[in-house]
Amino acid sequence: MPEGHTLHRLALLHQRRYAGSAVSVSSPQGRFAGWSTVDGRTLESVEAVGKHLLHRYGPDATVHVHLGLYGAFTEFTLPAPVPTGQVRMRVIGSKTGTDLRGPTACELLTEDGVERLFARLGPDPLRDDAEPDRAWSRISRSRTPIAALLMDQSVLAGVGNVYRAEVLFRHGIDPMVAGRQLGAERWRVIWDDLVGLMRAGVRAGRIDTVAAEHDPVATGRAPRKDRHGGEVYVYRRAGQPCLVCSTPVASNQLAGRTLYWCPACQPE
DNA sequence: GATCTATGTAGAT
DNA sequence: TCTACCTAGATCG
């Protein structure tokens, strides 16, 4: 379930569980050749940037993981079970271990590679060192719809299809409005809201975006459990009534991804 | 059991 | 703009 909040949550977990002492690293499936370079070494620190996770072992060796659409870590307590399925990387600490399956990327980077990764990413709302003006300088000059810009990791790092749809809904913004037409004021509102929503996502381990006043349970409507695990206004709710105005939620393909919005609450 | 879909990205066209 | 990649849960029969 990987948008940026998932990776930052994993970074906190892995930092707590594995950083500061030697770990055993392996690749039961065999597709992560870099395991032998870090096996038995001390994991110095773990951090996330956008949807990327970095296990830092030293200047010569950082394990870079990108979960893609399907990748996932699972935890186990020692003694370690026999690996089942396609385990790309297994990390074992003093009390627990974790298996990585199905990632888009699991590779060893040197410091140069890490710098190149940071260089191609826009500001991450979940990082204290983020500079939202870097994103605004791109957005304010672009004819591309804001819905596409929010998903562009070189503009903004960590936002995915759920946060994109939800943040635009929460501020009544037409997804197709061009970046240059957005205005600095609305950009600031989007950024600040993403910071709050994504921090809450890190804490909760799921994406919740619905205000209490619109919550279908709290307002007496039938309980609902969204498929991604949290409560949302429009994501994956095409054809269902908008939680605010009851207009059917619309959907469309934009740059290969499904976009969701309420035509009444987010007018042109 | 088969099929569909997905919170993502890189690379080809 | 399209396809490939990779896994798992939901849905269909």
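Residue numbers begin at 1 in each chain, while the letters A, B, ... track the order of the sequences.
Taking atom CZ of A:Arg236 as the reference point, atom C1' of B:dC4 lies 10 Å away to the nearest angstrom. The NE2 atom of A:His52 sits 11 Å away from the P atom of B:dG8 (whole-angstrom rounding). Rounding to whole angstrom units, CG of residue A:Leu194 and P of B:dT7 are separated by 17 Å. As rounded to whole Å, 4 Å separates atom P of B:dT9 from atom CD of A:Gln153.
Taking 4.0 angstrom as the limit, A:Arg257 places none of its side-chain polar atoms (N or O) nearer than this to OP1 or OP2 of B:dT9. For B:dT7, the OP1/OP2 oxygens have no side-chain nitrogen or oxygen of A:Tyr163 closer than 4.0 Å.
A centroid separation of 6.0 Å or more is found between the aromatic rings of A:His55 and A:Tyr18.
At a threshold of 4.5 Å between non-hydrogen side-chain atoms, the residues A:Leu117 and A:His52 count as touching.
Comparing the P positions of C:dC5 and B:dT13 gives a spacing of 14 Å, expressed to the nearest Å. The same atom, P, is picked in C:dG13 and in B:dT5; the two are 13 Å apart, to the nearest Å. Between C:dT11 and B:dT7, the two P atoms lie 16 Å apart (nearest whole Å).
Partner assigned to B:dG1 is C:dC12, using Watson-Crick or G-U wobble distances below 3.5 angstrom. Nucleotide B:dA12 forms a pair with C:dT1, judged by Watson-Crick or G-U wobble geometry with both contacts under 3.5 Å.
A:Arg164 comes within contact range of no nucleotide atom at all, as no heavy-atom separation falls under 4.0 Å.
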